[in-house]
Amino acid sequence: MVNQRIRVLNSAPERQDRDYVLYWCGANRRVDANHGLLRAVELANLWGLPVLVYEGVTSAHPHASDRLHTFLLEGVPETARRLKRLGIGYCFHLQRERDSHDDTFFRVAARAACVVADDYPTYYPALLNATVPAKLDVRYEVVDSSCIVPMNLLAKREYAAYTIRPKIHRLLPQFLEPCPEPRVRRRWEGPPPPFHLEFTEEQIPAIVASCEIDHSVPPSLCFRGGRRAAEARLQHFLEHGLRRYAKERNQPAAHATSRLSPYLHFGMISSLEVALAVRDYAREHRLIADEFLEELIVRRELAFNFARHSENPESLLNLPEWARATLLRHAKDPRSPCYSRARFEQADTHDELWNACQREMLLRGVIHGYYRMYWGKKIIEWSPTCQDALETMIRIHDRWALDGRDPNTYTNILWCFGLHDRPWQERPVFGTVRYMSLDGMKRKTNVEAYLREIEWIGRAGQDPFVSLTGQPCASL
DNA sequence: ATCGGCTCGCGCAA
DNA sequence: TGCGCGAAGCCGAT
């Protein structure tokens, strides 16, 4: 079953005379339900070797910030505990300098019999998978533990949700199965590698402060990183959100959505675990979970399919021909009002709902899924060009979002330009690309409740509306 | 409140 | 070749 998740990305041999099998968790920062880790353990058991997990956090990429570093570091002590329990070695490396050349991974890999990494189609993991394997003298495999139905099984780029849906549903019974717990034959003995950084949760603020990163992006007001926080969010959603999801998912102030996207993005929890938990809870409590599972599986995996099969997922060239043509025909339409990227980033427009969406991004590090569509459509409407609008959306996600740089990010942004969508009535700027209006938001959602909530958390500097503990939340 | 038109193209049935 | 229908809609007519 694991085999269909694997790709080998270089032609170097395995080297069984070396010290361990290395699992590099670049995208899936978890111990549970991780097919990559499972594969590493399988190979290690075959060769009688122990397993070492390498996890890195670098300050060398342009969007490194207190927000992202804190979220990532918050997961590390729990990862260390769980690996120790399983008898697996752990090397967590933090590169604090922005500019220095960091070869820690290569030094760890030099003693590995084989390197197993995550198959992930965007941003850093994708870049490293494209460049690192050729520099190694051992076999380098990547494993897809992000999708439930392995990306490898869908050979071409799908046109829309309706074309991928039957394929996903046909393959799903085969893959919607719990991932077994890894059992090592040979435990990791002795100390961790010399580069390993060990710390407690209390030390995190001081460690983050010591890094050469963007300190003007503070930690999220409501998301704590790590496995236990992810499990608490899931439990909270099962008990308080799932039964309301179908009716209230587009009602941001109702908090009926899972808010799991930061954890899914960093792989702190897997969509497979979420899907199984939701399915089982729904069975036990006689709920219908179809709408949630549609979004978690079909639409999320459509996004991975898109990222996997596009050369550059950040480009408008990916749009369907009808969308490119219609946007081009309207490229010279006047934009009024028209804002600079800085005005957008500072939540400084004439539209109070739009500003609140942007403030949610600044404070929480996410925007509610439905309002994010509105947020994106308005950036198109009020930017000088489509390319400017695209770059504004990506840039704001890169800098502020905990769920940015994800296949879903790029797909949702390009959806605003017509990707995976169909044409509608023609109008200025958008042509036949779907338009969204403030009146529509007011008609269909409780805009006032959302404005009050965002205003409240901005003023109070805390967010009791999104549960960190699994307990019910405040409401206004 | 509800309905139809807007408008393109994929995939399937025939 | 024809036809149904689609990731979150808008607008104007009734």
Side-chain angles (χ1 to χ4, degrees), chain A residues 147 154-170 241 244-259 261 264 271 289-307 309-310 313 318-330 333 351 353-354 357 360 366-381 393 403 406-447 450:
Chain A
C147 290
L154 298 169
K156 68 180 197 64
R157 207 184 111 177
E158 296 292 337
Y159 185 78
Y162 72 90
T163 64
I164 200 175
R165 188 175 295 114
K167 298 176 189 177
I168 293 280
H169 280 293
R170 185 166 45 78
R244 297 185 291 126
Y245 184 82
K247 269 202 162 64
E248 299 181 45
R249 67 183 149 163
N250 286 349
Q251 195 59 256
H255 296 282
T257 55
S258 73
R259 296 270 186 196
S261 62
L264 287 168
S271 64
D290 294 358
E291 291 83 357
F292 179 77
L293 293 173
E294 160 79 10
E295 301 224 3
L296 179 73
I297 303 174
V298 174
R299 296 187 199 175
R300 181 171 179 275
E301 304 208 353
L302 177 61
F304 277 78
N305 170 271
F306 164 74
H309 295 287
S310 57
N318 292 304
L319 297 180
E321 198 47 48
W322 68 266
R324 287 173 60 192
T326 195
L327 290 171
L328 195 61
R329 271 199 295 278
H330 289 269
D333 291 1
D351 177 342
L353 174 58
W354 193 93
C357 295
E360 182 177 24
V366 300
I367 307 178
H368 184 280
Y370 189 52
Y371 277 175
R372 188 167 66 169
M373 300 296 123
Y374 176 75
W375 174 89
K377 293 286 188 185
K378 291 302 159 189
I379 292 177
I380 297 174
E381 194 176 341
M393 286 188 235
D403 59 2
D406 190 275
N408 283 291
T409 309
Y410 302 113
T411 307
N412 287 326
I413 287 172
L414 288 179
W415 176 85
C416 296
F417 295 88
L419 179 70
H420 298 156
D421 204 7
R422 61 169 169 135
W424 301 88
Q425 193 159 37
E426 185 139 12
R427 60 156 55 235
V429 180
F430 289 87
T432 57
V433 169
R434 182 196 301 257
Y435 177 73
M436 290 175 81
S437 69
L438 180 57
D439 277 350
M441 295 299 107
K442 286 181 176 162
R443 194 169 57 246
K444 285 179 283 192
T445 71
N446 190 341
V447 169
Y450 180 75

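Convention: sequence-line order gives letters A, B, ...; per-chain numbering from 1. Remember, it's a predicted structure, so these values are computed and weren't measured experimentally.
A/Arg249 comes within 4.0 angstrom of no nucleic acid atom, judged by non-hydrogen atoms across all strands. Counting any heavy atom pair closer than 4.0 Å across all strands shown, A/Lys156 reaches sugar-phosphate atoms only and no base atom. A/Asp421 comes within 4.0 angstrom of sugar-phosphate atoms only, judged by non-hydrogen atoms across all strands, and of no base. Nucleic acid contact class of A/Trp322 (heavy atoms, under 4.0 Å, all strands): sugar-phosphate only. Residue A/Arg372 is classed as having no contact, given no heavy-atom separation below 4.0 Å to the nucleic acid. Among the heavy atoms of the strands, none lies under 4.0 Å from A/Met373. In this structure, A/Tyr435 reaches the sugar-phosphate backbone alone: every heavy-atom distance under 4.0 Å involves primed, P, OP1 or OP2 atoms, never a base. Heavy atoms of A/Arg300 sit nowhere under 4.0 angstrom from any nucleic acid atom.
Using C1' as the reference atom, C/dC3 and B/dT7 are 15 Å apart when rounded to the nearest Å. Taking the P atom of each, B/dG4 and C/dG4 are spaced 15 Å apart, rounded to whole Å. Nucleotides B/dG9 and C/dG9 place their P atoms 22 Å apart, quoted to the nearest Å.
Taking the six-membered ring for Trp and thresholds of 30 and 60 degrees, A/Trp354 and A/Trp375 have nearly parallel ring planes, at less than 30 degrees apart.
Helical stems in DNA chain C, defined as runs of 3 or more consecutive Watson-Crick or G-U wobble pairs with both donor-acceptor distances under 3.5 Å, are listed by first residue as B:1-6 with C:9-14, B:8-13 with C:1-6.
A/Leu414 has its CG atom 16 Å from the P atom of C/dA7, to the nearest Å. For the pair A/Tyr159 OH and C/dC5 P, the computed distance is 17 Å after rounding to whole Å. Summarising the geometry, the separation between OH on A/Tyr162 and C1' on C/dC3 is reported as 12 Å, rounded to the nearest angstrom. Going from atom CZ of A/Phe306 over to atom P of C/dA7 covers 16 Å, rounded to whole Å. Residue A/Asp439 contributes atom CG, which lies 7 Å from atom P of C/dC11 at whole-angstrom precision.
For A/Phe430, the ring-ring contact (aromatic ring centres under 6.0 Å, His included) partners at least two apart in sequence or on another chain are A/Tyr435.
Checked by atom type and distance alone, the side chain of A/Arg300 never pairs as donor or acceptor with a backbone atom of A/Ser271 at under 3.5 Å. Formation of a donor-acceptor pair under 3.5 Å by the A/Asn305 side chain with backbone atoms of A/Lys156 is found in this model. A distance-only check finds no donor-acceptor pair linking the side chain of A/Trp424 to the backbone of A/Val433 [under 3.5 Å].
A salt bridge links A/Glu294 with A/Arg165: the closest approach of a Lys/Arg side-chain nitrogen to an acidic carboxylate oxygen falls below 4.0 angstrom.
Defined by atom type and a distance below 3.5 Å, a donor-acceptor pair is missing between the side-chain atoms of A/Glu360 and A/Tyr371.
Taking every heavy atom of both residues into account, A/Glu158 and A/His420 meet most closely at O-NE2, 4.0 Å.
Among the nucleotides C/dA7, C/dC11, C/dG6, the one closest to any side-chain atom of A/Thr411 is C/dA7.
Of all nucleotides in DNA chain B, those with any atom nearer than 4.0 Å to a heavy atom of chain A start and finish, going 5' to 3', at B/dG5 to B/dG11.
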